[in-house]
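Quick notes on the structure that follows.
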Amino acid sequence: MSTVNVKDNSPIIVEEESKEEKLTGCDAVLHAIWPVRYRKRTTASNGELYIKTTIRNLLLYIIFLVILCIIVYGMVGLINFHFSNGMLSLFVDEELENGKTFRNGFVTYDDVWDYLTGPLLNGLHFETWYDLSNTTEENIGFIFYQNKILGRPRLLQIRVKDNSCPLSSRVKKMVESCVGEFNGKTENKEPFGKALKSIDQNDTTYKAWIYSKDPQGTGGYSGLVGSYPPNGFMTNLGQYKSESLEILQDLKKNDWLDKFTRAIIIDFTVYNGNVNLFNQLRLVIEFPPTGGMFNSWTVRTSKLLRYVSTFDYVVAACECLFVLFIIYYTIEELFDIKLNKLKYFKDVYNIMDIFILGLSYTTIGFSIYRTIQVNKLLDHLLTNSSEFQNFDTLTFCQELFNQASAVVIFFAWVKIFKYISLNKTLDQLNSTLRKSAKDIMYFCIIFFIIFFAYAALGYMLFSEFLADYQNFFKTLFTLFRIILGDFDFKTLRANSPILGPIYFISFVFLGFFILLNMFMAIINQSYTEVKEEMAQQQPEFMLSDYLKVNYSRVVEKLNLRRDRILDIQEVLKSEEVSSKDELDFNLWRKELKKKGYADMEIESLFSRYDKDSDRKLNEIEKIKMVKDIAKARNNIKEEYQNFKQNRDTTTKKDAFEVGDDCVEEVDESEPRLMTRDDFDYVVGRIDRMEISVASIISKIDRLFHHLESMEIEKMRKRQEIARLLKEQTNSPEMDQNINQMISN
């Protein structure tokens, strides 16, 4: 391409005719599988080829997207929600005698012990039926009589040292000791309680008073206040409810919980064989140095045994196809990079393709790692039922895999925007986003400056008494909720009667009424400009044009078949043919030649009825041809009647054929008028011809402008050279040489 400047100072791009290189051998095969040069209008030889390639890629991508959805959604479902919700309703929402629940939080140590000996034990041990009769031994260790507890539930306590925080000398007389927050330096690993007395190592609560490490070495735990290691003072509950109750009563009697306790973590895993799901539930009770308690929980429902049912093997087959698709798209992107080089990275959708491929390979890696870990650890975890079995590593791997898959499928759906350029209206929306991207970026800078300023102000003003502002990130989310209309103005005004309303009203006025309307104005202006630009541009070959062209081709082919049967009918009814008992091939060829048929078509049709190969159709063979035509005529009449009843119905395929093509016939009594399809086809061809002519004229005009500008530039250079040479010398002889040189 070459760019020149004309009188209006606007750049004109003169497009050069693309000469497509003809490929052969392996290059042709690779190009047929990965047609990367036709993925963009600029590299495709014509618009129709670009549309055809884009439709092919879109259909292939839809297949890939369906496979990806089967893989991702095959891992989760409504049953996962029911499983998790049932466990939470039993251990988190169950009320104590005083009406408190784990979800709403506890206040005193008595609340904690009441929960441990009440809802926790009742949920872990279903030892009686609804009629209060005892269950069988086989049903011991099942929650809801359906979910088998794997191993034993475990209680883990995290403790801190005494005098673990600095204490001012002015208050030491009033405060004897200081117990600070938990961290690696303040963690207490010393024995306490019964361990300081004479205690038998066979005691059921012996490990609860001795610091020990997790033999399975997990990564630790997180709560609302802080993060905690997997090691500490731990004890397992019993197989029966009476055993667990005895352990908890002994812990309570000997003050297992005290002011040095910073967290209690209750952890267990169940398996439901009915739905082949594992569920790990972790309950965390934190004791901050300020007093009070914070409760949190984590529930993970995972399908660790992947391939059990028939649908699981369908998912496995889809996973194999997914890997093949990723390899295919990787090769395609490598070919595209080789073709376009650095220009490849200027397209946002190409960057998205690379990102999706990277995430896909990450997901495949997670899947392989998860499978290895499951095969490595699951057998060991399921064998020892008398100890706590920590499934944290396995469920965490599954959670990472689910999260990576979720990100992949999100960007896979977003990638569909890449193909909306096939439609003019959808392309306007895409162009609007591209055109407004720069203005939106500058708007976001202004918006977030104001947004973070209000977040800092709200955090400093209201963090002491409002939970929505207790830290900076929660304040950010609170401001987003205010923009969306979700706010609690009454609580804000009750806690800060003066500054609260001023803060709220100023943010709503500035952030909502001004900034958001500016954002809408940017989008609206860009959309208007895009519509005007697309209205002035030369119309491109779009999907609707491609469908019209192919529809016209189909209609043209059907009309050709109809004309063929009419031509054959006219030949058979001609006086020269109908007056003879036998039909000679030369006469048959002569008459059809007049209609413009090729020798191959004439020979093919004649040989179908010339059974004795004597180059003549006898009376029997001629009658058979006439009967076939009569049969075809009846079929055409039925189709024509159906067509008259509903013009939008597609005509059936006729039974009479000439060579390999079907031919059609209409009733002689009906006039052969132009149909609506014929008219639309002719109008479409005329429209495309006008577009082509307009394009040619536009290119010719650009070429003339280009030549004119080149001539002007040439004259300007001549004058400049003459001026420079005259400044060097005023000799007449030199002037004569200069003029001679310029003329040459």
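One is the number of the first residue; the rest follow in order along the sequence.
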Could you check whether Phe489 and Phe504 have their ring centres less than 6.0 Å apart?
yes
Residues Asn104 and Thr101: side-chain donor-acceptor under 3.5 angstrom
yes
Do Gln280 and Thr395 pair up side chain to side chain, a donor and an acceptor below 3.5 Å, judged on atom types alone?
yes
Please verify the inter-ring angle class for Tyr271 with Phe278; under 30° counts as parallel, over 60° as perpendicular, anything in between as tilted.
tilted
Please determine whether a side-chain nitrogen of the Lys or Arg among Arg306 and Glu319 lies less than 4.0 Å from a carboxylate oxygen of the Asp or Glu.
yes
If you take the centroid of each ring, where Trp contributes its six-membered ring, are Phe462 and Tyr469 closer together than 6.0 Å?
yes
Has Thr478 got a side-chain atom pairing as donor or acceptor with Asp468's backbone, closer than 3.5 angstrom?
yes
Is the backbone N or O of Leu257 less than 3.5 Å from a side-chain atom of Thr261, with the two atoms forming a donor-acceptor pair by type?
no
When the ring centroid of Phe233 is compared with that of Trp256, is the distance short of 6.0 Å?
no
Mind checking whether Tyr454 and Tyr503 have ring centres under 6.0 Å apart?
yes
With no hydrogens and no angle check, do the side chains of Asp131 and Ser133 hold a donor and an acceptor under 3.5 Å apart?
yes
If only side-chain N and O atoms count, and only distance matters, is there a donor-acceptor pair under 3.5 Å linking Lys303 with Asn80?
no
Using distance alone, with no hydrogens and no angle criterion, decide if Asn236 and Glu387 have a side-chain donor and acceptor under 3.5 Å apart.
yes
Under 3.5 Å, is there a donor-acceptor pair between the Asn274 and Gln146 side chains?
yes
Look only at the side chain of Glu187 and the backbone of Asn183, and say whether a donor-acceptor pair between them is shorter than 3.5 Å.
no
Evaluate Phe366 against Cys397 for side chain to side chain contact (heavy atoms under 4.5 Å, CB included), listing each step before the verdict.
CA-CA 7 Å; Phe366 273 134; Cys397 291; over 6 Å; no
is_close_aromatic(Phe142, Phe126), centroid dist under 6.0 Å
no
Would you mind checking if Arg282 and Asp392 are paired as a salt bridge, meaning a charged N to carboxylate O distance below 4.0 Å?
yes
Please confirm whether the ring centroid of Tyr115 lies under 6.0 Å from the ring centroid of Phe91.
no
Indicate whether any N or O donor in one side chain lies under 3.5 Å from an N or O acceptor in the other, for Asp111 and Asn98.
yes
Between Ser84 and Thr301, do the side chains contain a donor N or O and an acceptor N or O under 3.5 Å apart?
yes
Would you say the ring centers of Phe287 and Phe294 fall short of 6.0 Å from each other?
no
Per ring pair (Phe, Tyr, Trp, His ring centres under 6.0 Å), Phe443 is matched among Phe448, Phe519, Phe451 by Phe519
Side-chain donor-acceptor pair present, Asn231, Asp214, cut-off under 3.5 Å
no
Relative to each other, are the rings of Phe106 and Phe102 parallel, tilted or perpendicular (30° and 60° limits)?
perpendicular
Is the count of non-hydrogen atoms from other residues, nucleotides or ligands lying under 6.0 Å from Met441 atom CE greater than 12?
yes
Keeping the roles fixed (side chain from Tyr228, backbone from Gln157), state whether a donor-acceptor pair exists under 3.5 Å.
no
Look at Glu399 together with Arg300 and state whether they make a salt bridge at an N to O cut-off of under 4.0 Å.
yes
Side-chain donor or acceptor of Asn276 paired with backbone N/O of Leu305 under 3.5 Å
yes
Does NZ or CZ of Arg481 lie under 6.0 Å from the centre of the six-membered ring of Phe487, at an angle within 45° of the ring axis?
no
